[in-house]
Amino acid sequence: PAAHKPFDPKRGVGAYLVRRAQEHGLITRVLGGDVIAFSPPLIITEAEIDRMLDCTEQALADTLAWVRAGA
């Protein structure tokens, strides 16, 4: 398996992912570099969790395409 290493913080991959997530309706925050955090309410429903993960999946796909394009 290929080794995984963090992105160069100057590329802003985490920040890009957070922006894409927000465009898909999910509020997250970047903790630094390529680390993001979720802060759902304690009363979140299963349907809301599914929606959160759908938005995350879309944001990750957008970000992967952006990274692969060499941005």
Shortest non-hydrogen separation from [X] to [Y] and the atoms involved:
X     : Y     : value
Ile44 : Pro40 : CD1-CB, 3.7 Å
Asp62 : Arg20 : OD2-NH2, 2.7 Å
Thr28 : Ala21 : OG1-CB, 4.1 Å
Gly25 : Cys55 : C-SG, 4.5 Å

How about [atom1] on [X], more than 12 heavy atoms from neighbouring residues, nucleotides or ligands closer than 6.0 Å, or not?
X     : atom1 : answer
Glu48 : CD    : yes
Glu23 : CD    : yes
Leu64 : CG    : yes

Pairs where residues 41-64 contributes a residue and the test ring-ring contact (aromatic ring centres under 6.0 Å, His included) is met, not counting sequence neighbours |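 Output for this query is empty, none listed.
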Linking I/L/V/M/F/W/Y whenever their side-chain heavy atoms sit closer than 4.5 Å, directly or via other members, would Trp66 and Val30 fall into one cluster?
->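 No, no single cluster joins them.
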Under 4.5 Å between side-chain heavy atoms, hopping through other hydrophobics if needed: is there a path connecting Leu26 to Leu60?
->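 Yes, one cluster joins them.
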Student check: side-chain heavy atoms of [X] and [Y] closer than 4.5 Å:
X     : Y     : value
Leu31 : Ile36 : no
Thr56 : Phe38 : yes
Arg29 : Ser39 : yes
Phe7  : Val67 : yes

Donor on one side chain, acceptor on other, Asp54 and His24, under 3.5 Å |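 The answer is no; no qualifying pair exists.
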